[in-house]
Amino acid sequence: IPNVEYYGPEILNPETVDVFVGNIGVFNAYRDQLENVKYIQLLSAGYDSLELKGLENKVVCNARGAYSGPIAEYTVAYLLSIYRQHDAFKQSQKDHRWNRDIPVTTLYGKQVAYLGAGDIAFETQSRLKPFGVSSIAVNSNGREVPGFDAFFALNDLQQALSDADIVICSLPLNPHT
């Protein structure tokens, strides 16, 4: 960003900092010095490694959704690599031989169960839909989630997984999951 200067903790007076923007590791390193901070904006989607005790009177924001698209694309790429035997074909290519016996399959008609039906699951299912993949959302209470074909509560996990070909876990890291 033009005309913006970076001020690291070494030149700031921590007592005058109102807003912290950064990662959890940096915040944790300077936490004791940032007693007067009012707003904490994390650059991560999760905040499971942030000790919330002592932050009750502060506004803590995470970057929920910021990485959902790239994670979804990685997931689709990885599934395609598995189902289309990318590693086996790559090895054959490296060995300078054409192996016609490598079994490949398609994603078409597969059923994916998503453990956790937040942003990552939503973005992943929307990218897999064009491949003819159906989706099951497993969330805390079985509520309907737009874009998914079926819905189950976490308590009904066995039933949700009974017909799944693929299971994708994108649960938040918390005591309930």
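Keep in mind that this is a model prediction, so the values were computed, not measured.
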Let me see the working for Ile24 and Leu42 under side chain to side chain contact (heavy atoms under 4.5 Å, CB included), right down to the final yes or no.
CA-CA 7 Å; Ile24 294 171; Leu42 301 174; 3.8 Å; yes
Checking side chain to side chain contact (heavy atoms under 4.5 Å, CB included) for the pair Leu52/Leu50: CA distance, chi angles, key distance, verdict?
CA-CA 6 Å; Leu52 296 176; Leu50 178 66; 4.0 Å; yes
Side chain to side chain contact (heavy atoms under 4.5 Å, CB included) between Ile102 and Phe89, worked out
CA-CA 8 Å; Ile102 297 173; Phe89 281 108; 3.9 Å; yes
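Scored by the ring pair (Phe, Tyr, Trp, His ring centres under 6.0 Å) test, Phe131 finds no partners at all (sequence neighbours excluded). Applying the ring pair (Phe, Tyr, Trp, His ring centres under 6.0 Å) rule to Phe20 yields the partners Phe27; only residues at least two apart in sequence or on another chain are considered. Val59 meets the side chain to side chain contact (heavy atoms under 4.5 Å, CB included) test with Tyr39, Cys61; sequence neighbours excluded. Not counting sequence neighbours, the partners of Asp95 by the side chain to side chain contact (heavy atoms under 4.5 Å, CB included) test are Gln91, Arg97. For Ala150, the side chain to side chain contact (heavy atoms under 4.5 Å, CB included) test picks out Ile136, Phe152, with sequence neighbours left out. Under the rule for a salt bridge (Lys or Arg N to Asp or Glu O under 4.0 Å), the partners of Lys38 that lie at least two apart in sequence or sit in another chain are Asp18. Taking the side chain to side chain contact (heavy atoms under 4.5 Å, CB included) definition, one finds that Lys129 meets it with Gln125, Ser135, Asp149, sequence neighbours left out. Taking the side chain to side chain donor-acceptor pair (under 3.5 Å) definition, one finds that Asp32 meets it with nothing, sequence neighbours left out.
Here salt bridge (charged side-chain N to carboxylate O under 4.0 Å, His left out) pairs that include residues 46-57, with residues two or more places apart or in two chains, number zero. For residues 98-120, no pair satisfies side-chain hydrogen bond (donor to acceptor under 3.5 Å, both in side chains), with sequence neighbours left out. Within the structure, salt bridge (charged side-chain N to carboxylate O under 4.0 Å, His left out) pairs that include any residue of residues 158-176 do not occur (at least two apart or interchain).
Arg31 and Leu55 get closest at one heavy-atom pair: NH2-CG, 3.3 Å. Contact detail for Ala121 and Gly116: the closest heavy-atom pair is CB-O, 3.2 Å. Nearest heavy-atom pair across Val17 and Val19 is CG1-O, 3.4 Å. Val138 and Ala160 get closest at one heavy-atom pair: CG2-CB, 3.6 Å. When all heavy atoms are compared, the tightest approach of Phe151 to Gly142 is CB-O, 3.4 Å.
Placement of Tyr78 and Val167 in two distinct hydrophobic clusters is found when ILVMFWY residues are connected by side-chain heavy-atom separations under 4.5 Å, directly or transitively. No path of Ile, Leu, Val, Met, Phe, Trp and Tyr side chains, each step under 4.5 Å between heavy atoms, connects Val145 with Leu154, placing them in separate hydrophobic clusters. Leu157 and Ile168 fall into different hydrophobic clusters, where Ile, Leu, Val, Met, Phe, Trp and Tyr residues are linked whenever their side-chain heavy atoms come under 4.5 Å apart, directly or through other members. Transitive grouping of hydrophobic side chains (ILVMFWY, heavy atoms separated by less than 4.5 Å) brings Phe148 and Ile166 into a common cluster. Linking ILVMFWY side-chain heavy atoms closer than 4.5 Å, directly or via other members, places Val26 and Val37 in a single hydrophobic cluster.
Of the inter-residue distances, the one linking Asn141 atom CG with Asn155 atom CG reads 10.0 Å to the nearest 0.5 angstrom. For the atom pair OG of Ser81 and CG of Leu79, the computed distance is 9.5 Å after rounding to the nearest 0.5 Å.
With contacts defined as side-chain heavy-atom distances shorter than 4.5 Å, the pair Leu115/Leu161 qualifies. Counting heavy atoms from C-beta on, the side chains of Val112 and Leu128 come closer than 4.5 Å. Contact of the Leu80 side chain with the Leu107 side chain is registered, since non-hydrogen atoms from C-beta on lie closer than 4.5 Å.
Atom CD of Gln41 sits in a crowded spot, with more than 12 heavy atoms from other residues, nucleotides or ligands closer than 6.0 Å. Atom NZ of Lys58 has more than 12 heavy atoms from other residues, nucleotides or ligands within 6.0 Å.
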What donor-acceptor contacts under 3.5 angstrom involve side-chain atoms of residues 62-76, with partners at least two apart or in another chain?
from, atom 1, to, atom 2, distance (Å)
Asn62, ND2, Ala45, O, 2.5
Tyr67, OH, Leu43, O, 2.4
Glu73, OE2, Arg127, NH2, 3.4
Thr75, OG1, Ile71, O, 2.8

